[in-house]
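Heads up, the thing below is written out as structure tokens.
Worth saying up front: this structure is predicted, and the values here are computed from it rather than measured. Throughout, protein chains are lettered first and strands after them, A, B, ... in sequence-line order, and every chain is numbered starting at 1.
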Amino acid sequence: NAGVTQTPKFQVLKTGQSMTLQCAQDMNHNSMYWYRQDPGMGLRLIYYSASEGTTDKGEVPNGYNVSRLNKREFSLRLESAAPSQTSVYFCASSGRTGDPTDTQYFGPGTRLTVL
Amino acid sequence: AQSVAQPEDQVNVAEGNPLTVKCTYSVSGNPYLFWYVQYPNRGLQFLLKYITGDNLVKGSYGFEAEFNKSQTSFHLKKPSALVSDSALYFCAVREWGGGNKLTFGTGTQLKVEL
């Protein structure tokens, strides 16, 4: 039981390049989330997926797109990376809201630098 | 809108002494409160949560948190700090009936010294 896994662990991009961050969970959770962590700002929600087939914007969605590929996988895409997207990205998953399993559990993170 | 404040960027404690990491929140309705811990270069680990009921919540690694509705606070506590408790601690809140979108505080760096 690996929990939430993310790839890659580290990535360096040039401005304008694109990339996809991958996330997978093996806890049979319905909901998945993408956050970014910046110094002094805590974690901010980028996008989330309450269930397979649905996605919604969070607090800071501009410059990102997501795909809920299936129940296990939720990817985050940067179409044209900008230096302001330099951050640490975390994926999380949780059970259905209101269930005992609705605590969010986090992956190890992807450290992204955009030059 | 929901929000969380962690008023201290850093807390320093001597090993063996009690520790408190402060958190206050704001929600329209009833709160659902969490504490997470982050060790260097790692993801967030869940420590404990308050849903309803007993105001004192016990969690992992000997941590506990006290919910105070009148002061809208949810402070994290431990009776005797360990050097290994040194980490970044985040408080988070969501509102009942508001889906599962968490709002996080900015984090408090805990440093436990010998």
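- Contact annotation for B:Gln6: neither backbone nor side-chain heavy atoms come within less than 4.5 Å of a heavy atom of chain A.
- Proximity to chain B (any heavy atom under 4.5 Å) is restricted, for A:Arg111, to the side chain, taken from C-beta onward.
- A cation-pi arrangement, defined by a distance under 6.0 Å to the six-membered ring centre and an angle within 45 degrees of its axis, is present between B:Lys78 and B:Phe63.
- Within 6.0 Å of atom CZ in A:Arg77, more than 12 heavy atoms from other residues, nucleotides or ligands are found, so the atom counts as buried in its surroundings.
- With a threshold of 4.5 angstrom between heavy atoms, A:Leu43 approaches chain B through its backbone and through its side chain.
- For chain A, the nearby parts of B:Leu102 are the backbone and the side chain; heavy atoms of each come within less than 4.5 Å.
- Neither the backbone nor the side chain of A:Glu59 comes within contact range of chain B; no heavy atom of the residue lies under 4.5 Å from a heavy atom of that chain.
- Aromatic rings of B:Tyr50 and B:Tyr25 (six-membered ring for Trp) have centroids beyond the 6.0 Å cut-off, not under it.
- A:Lys71 NZ: more than 12 foreign heavy atoms inside a 6.0 Å radius.
- Side chain of A:Trp34 to backbone of A:Phe74: a donor-acceptor contact under 3.5 angstrom is found.
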